[in-house]
**Student:** 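The structure under discussion is supplied below as structure tokens; questions concerning it will follow.
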Amino acid sequence: MGMISEFKEFIAKGNAMDLAVGVIIGAAFGAIVNSLVSDVITPALLNPALKAAQVENLAELKTDGGILYGKFLAAVISFLVIAFVIFIMVKGLNSMKKKEEAAPAAPAGPTQEELLTQIRDLLKK
């Protein structure tokens, strides 16, 4: 069994794939939560008077505690892209598994009854 086929078998196992998907999706979702807290919730709680202020650039907005909806939206889009790529990978692996399972079995030989019948016929001769 070559190293590539062993690796293929390891990857195809449900446990390894489920763990990998969980780690990747968890990390991507963690980025959404961090962005929500640091870019949306915290600024909204700390500086409600921002609406009255006139802000000219993003750096000034960040120091003034402005709500950065764009950064949060970027984190959500990034998560959706990562989740979609993972979906495509898992779907591809599942179709590979199905093809391996659907491979035709070796042609079956004669049944036990057929063999016994042949032996009986040979003994009669």
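Start at 1 with the first residue, then count along the sequence. Computed from a predicted model, the values in this text were never measured in an experiment.
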**Student:** Run the side chain to side chain contact (heavy atoms under 4.5 Å, CB included) test against Gln112 and tell me which residues pass, sequence neighbours left out.
**Tutor:** Leu116
**Student:** Out of curiosity, does Val33 fall in the hydrophobic cluster containing Ile24 (side-chain heavy atoms, cut-off under 4.5 Å, transitive links)?
**Tutor:** yes
**Student:** Given the rule in the side chain to side chain donor-acceptor pair (under 3.5 Å) test, do Asp39 and Ser35 qualify, once you have shown the distances and angles that lead to the verdict?
**Tutor:** CA-CA 5 Å; Asp39 299 329; Ser35 177; 3.0 Å; yes
**Student:** Just to verify, what does Ser78 make a side chain to side chain contact (heavy atoms under 4.5 Å, CB included) with, not counting sequence neighbours?
**Tutor:** Ile82
**Student:** CD of Glu114: more than 12 outside heavy atoms within 6.0 angstrom?
**Tutor:** yes
**Student:** For Leu36, what residues pass the side chain to side chain contact (heavy atoms under 4.5 Å, CB included) criterion, not counting sequence neighbours?
**Tutor:** Val40, Ile41, Phe72
**Student:** Apart from Phe87 itself, what residues make up its hydrophobic cluster when side-chain heavy atoms of I, L, V, M, F, W and Y under 4.5 Å apart count as a link, directly or indirectly?
**Tutor:** Phe84, Ile88
**Student:** Sequence neighbours left out, what passes side chain to side chain contact (heavy atoms under 4.5 Å, CB included) with Ile25? Give chain and number order.
**Tutor:** Val21, Phe79, Ala83, Ile86
**Student:** Mind checking who shares a hydrophobic cluster with Ile119, ILVMFWY linked at side-chain heavy-atom distances under 4.5 Å?
**Tutor:** Leu123
